[in-house]
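The block underneath contains the structure these notes are about, expressed in structure tokens.
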Amino acid sequence: MASMLLALFFALPAMAAQPATIETLHLDAPAFAPGQVEVAIHLPPDYDATGARAYPVLYLNDGQDAEAVHLADTLARLHADGSIQPVIVVAIHMLPDRMGTYGLSDRKAGHAIVSQTKYGPVGARAHDYSEWVAHTLVPYVDAHYRTNPTPGARAILGWSLGALNAFNLGWQYPDVFGRIGAFSPSFWISADRGDVESVQRTRLAQAMVGSSEPRHGLKFFFAVGTDEDGDDRDGDGVNDPIDDTRDLIDGYTAPDSHRMRGLVDLGYRSDPDRDGGVTRADIAYLSLPDGEHNQAAWARMLPHFLTWAYGKRAPALEATGRVDSWQEVSSAHVAPRNVDVWLPPSYGDDPTKRYPVLYMHDGQNLFDPALSYTGVDWGVDEAMTRLIEEGAVREAIVVGIWNTPRRFQEYMPRKPVTGDALPSGVDGVPPLPTADIASDAYLRFLVDELKPWIDATYRTRPGRDDTFVMGSSMGGLISLYAAAEYPEVFGGVGTLSTHWPVGDGIVIDWLAEHLPDPATHRLYFDHGTTTLDAGYAPYQQRMDERVRAVGYVEGDNWSTRVFEGAGHNEAAWRERIEIPLKFLLGD
């Protein structure tokens with residue numbers, strides 16, 4: 001497993017561009033019988049059909065245009081110069097009825113959403129096509145190739161009407177696709193084309209977004225050329241393709257103040273200033289200078305999209321000190337995720353010096369307030385810098401592992417759980433299903449893939465006594481579970497505001513029999529007294545009894561702290577982060 005991540009993310013010298021292997025298939029699609037769908041599978045040059053590597057997959061509408069948009073050459077070049085991870089591309093050739101196939105659908109209602117246009121009806125077969133892609137093609141590819149079968153590792157891309165359908169596939173099937181690429185998308189199709197304002201108010205993709213709940217975890221890449229066409233239906237001096245796309249992103253307000261929601265109204269973060277580059281926002285937007293509505297423009301957009309979707313490096317953080325940011329780190333066990341690596345001030349000064357490592361969950365909340373869930377980060381970078389300067393802690397590397405929409409499933413310890421439903425421990429939140437708890441898979445990623453890669457990429461001290469893990473709330477539970485399951489890997493645990501009430505303390509009872517050896521481990525616990533933390537004291541006292549019973553000594557290898565007036569949020573954890581850091585890393 002370590003070799004897989006090394007190959008994907010370790011800095012390798014550039015290699016000559018090599019062509020991918022292309023396998024052409026003709027697959028049955030019963031709804032379109034007796035015809036078959038032609039599919040070209042582009043495998044990366046280093047594709048290993050028998051190894052452990054799991055590859056992300058890009059599905060592409062209008063696959064017959066692959067040569068015209070220079071797909072193979074662009075993939076080979078970006079892969080060879082180390083810009084992107086290896087990716088499998090599934091190029092789906094269009095069916096004879098392109099206008100009927102590439103449109104919008106209502107998955108829940110089970111039918112297409114048809115638009116009557118001056119060119120004829122658009123989208124009459126969109127539901128049939130979308131169902132075939134999501135429920136037949138994707139499972140076929142997962143069964144026959146070494147794919148990462150998680151939504152976060154799948155993207156769908158298209159242009160023009162194919163982009164409209166790509167957006168539909170991502171929006172209607174977020175359990176299948178985690179990323180959408182739309183070049184020159186046909187967001188102009190509407191239910192009523194009687195006059196300008198009727199078109200504006202009834203644009204179908206806009207209505208689909210406006211009437212929906214957000215699809216958590218979905219990310220978007222939109223690209224539109226500045227010279228797409230000369231139409232400007234609302235007379236604002238901006239061409240319709242740009243207007244339609246920007247309205248879908250930002251929302252549309254009619255002259256009478258009627259509001260149609262856009263993606264940002266649903267909580268997605270947009271980064272219009274990055275202009276199609278790699279971004280930590282949910283939405284990337286590229287305005288292509290002189291771009292027209294043709295394959296030549298889409299060929300120019302393609303490298304931007306591929307680097308956004310599969311680039312190895314993430315944008316720099318606004319943080320104190322040096323942070324290496326790695327985008328969508330792949331795994332054979334869980335969905336890809338970003339990883340930020342904070343390096344201590346002296347890193348790079350002495351090529352022989354090695355450092356302990358602290359692994360922290362909920363990585364997007366650690367270093368940069370712009371990325372944090374609440375707009376307040378933990379300030380780990382500032383705290384570590386300050387404590388190192390004071391000589392209060394050892395210099396250490398901090399690895400921030402981002403969470404995903406499956407945070408609960410990945411952070412809830414699996415082995416303590418019995419039954420089909422788990423009480424959440426939060427008033428008003430119903431019991432949670434247990435069937436898809438994935439914490440064991442998450443820990444395999446952490447221990448078998450991420451840690452070996454960190455140890456190979458950075459100058460670490462890889463032993464147990466120099467490897468620590470920390471988190472808050474559910475992140476506290478997974479930190480304890482990591483040390484209990486892998487006591488030979490992690491020597492110290494920090495848990496802030498540990499969410500013991502989940503399952504009414506079921507994890508406490510399990511840990512009583514599985515705590516790591518007090519002769520070799522250190523444990524830190526704390527909680528506040530307000531908001532969610534107000535109910536934690538009785539559970540923590542139960543945990544303290546178990547810890548004391550197995551031989552931990554408070555003030556030596558164990559600490560439990562209570563912070564009066566502190567709540568359950570990043571601001572509270574930022575306020576006291578120095579205390580667990582000193583406990584784990586202090587001399």
Pair [X], [Y]: side-chain N/O donor-acceptor within cut-off below 3.5 Å:
| X | Y | answer |
| --- | --- | --- |
| Ser330 | Asn148 | no |
| Asn338 | Gln327 | no |
| Ser325 | Arg280 | yes |
| Trp188 | Asp231 | no |

Okay, side chain of [X], backbone of [Y]: is any donor-acceptor separation there less than 3.5 Å?
| X | Y | answer |
| --- | --- | --- |
| Glu228 | Ser184 | no |
| Asn61 | Gly158 | no |
| Tyr481 | Lys415 | yes |
| Asn165 | Gly103 | yes |
| Ser424 | Val429 | yes |
| Gln409 | Asp436 | no |
| Ser439 | Arg414 | yes |
| Gln206 | Asp247 | yes |
| Asp440 | Arg444 | no |
| Thr434 | Gly419 | yes |

In Å, rounded to the nearest 0.5 Å, how long is the span from [atom1] of [X] to [atom2] of [Y]?
| X | Y | atom1 | atom2 | result |
| --- | --- | --- | --- | --- |
| Leu477 | His499 | CG | NE2 | 7.5 Å |
| Asp128 | His111 | CG | NE2 | 12.5 Å |
| Gln364 | Thr404 | CD | OG1 | 9.0 Å |
| Leu218 | Asp282 | CG | CG | 9.0 Å |
| Asp265 | Arg259 | CG | CZ | 4.0 Å |
| Asp106 | Met208 | CG | CE | 7.0 Å |

So, for [X] and [Y], which heavy atoms are closest and what is the spacing to 0.1 Å?
| X | Y | answer |
| --- | --- | --- |
| Ala297 | Glu292 | CB-O, 3.0 Å |
| Ile242 | Val224 | CG1-CG1, 3.5 Å |
| His216 | Pro405 | O-CG, 3.6 Å |
| Pro44 | Ile88 | CD-CG1, 4.1 Å |
| Thr150 | Val334 | CG2-C, 4.3 Å |
| Ile478 | Tyr411 | CB-O, 3.5 Å |

Has [X] got its NZ or CZ under 6.0 Å from the middle of the six-membered ring of [Y], at an angle within 45 degrees of the ring axis?
| X | Y | answer |
| --- | --- | --- |
| Arg154 | Tyr173 | no |
| Arg125 | Trp132 | no |
| Arg203 | Phe187 | no |

Of Asp192, Asp256, Asp234, which is the lone residue that meets salt bridge (charged side-chain N to carboxylate O under 4.0 Å, His left out) with Arg201?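 Going through Asp192, Asp256, Asp234 one by one, the salt bridge (charged side-chain N to carboxylate O under 4.0 Å, His left out) with Arg201 is satisfied by Asp256 alone.
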
Would you sort out whether Val57 and Tyr145 count as a side-chain contact (heavy atoms from CB on, under 4.5 Å), showing the intermediate values? CA-CA 10 Å; Val57 186; Tyr145 298 91; over 6 Å; no

Should the pair [X] and [Y] be assigned to parallel (<30°), tilted (30 to 60°) or perpendicular (>60°) ring geometry?
| X | Y | value |
| --- | --- | --- |
| His293 | Trp298 | perpendicular |
| Tyr140 | His144 | parallel |
| His361 | Tyr442 | tilted |
| Tyr102 | Tyr129 | perpendicular |

Under a 4.0 Å N-O cut-off, is there an ion pair linking Asp243 with Arg233? no

Looking at Lys219 and Glu328, does any basic side-chain N land under 4.0 Å from a carboxylate oxygen?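 Salt bridge between Lys219 and Glu328, a charged N being under 4.0 Å from a carboxylate O: no.
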
Apply side-chain contact (heavy atoms from CB on, under 4.5 Å) to the pair Ile249 and Phe220, showing each step before the final yes or no. CA-CA 10 Å; Ile249 296 171; Phe220 310 84; over 6 Å; no

State which residue, out of Trp308, Tyr310, Trp159, fulfils the ring-ring contact (aromatic ring centres under 6.0 Å, His included) condition with Phe221.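 Testing each of Trp308, Tyr310, Trp159 against Phe221, the sole residue satisfying ring-ring contact (aromatic ring centres under 6.0 Å, His included) is Trp308.
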
Can you list the steps and then say if Leu302 with Leu157 is a side-chain contact (heavy atoms from CB on, under 4.5 Å)? CA-CA 10 Å; Leu302 185 61; Leu157 170 65; 4.0 Å; yes

Determine whether the aromatic ring centres of residues Tyr47 and Tyr55 are separated by less than 6.0 angstrom. yes

Evaluate the criterion side-chain contact (heavy atoms from CB on, under 4.5 Å) for residue pair Phe408 and Asn403; output intermediate values, then yes/no. CA-CA 9 Å; Phe408 171 79; Asn403 65 40; over 6 Å; no

Would you say that Phe222 contacts Leu263 through its side chain, given a criterion of any heavy-atom pair below 4.5 Å between the two side chains? yes

For Gln64, look at atom CD and say whether over 12 heavy atoms of other residues, nucleotides or ligands are found less than 6.0 Å away. yes

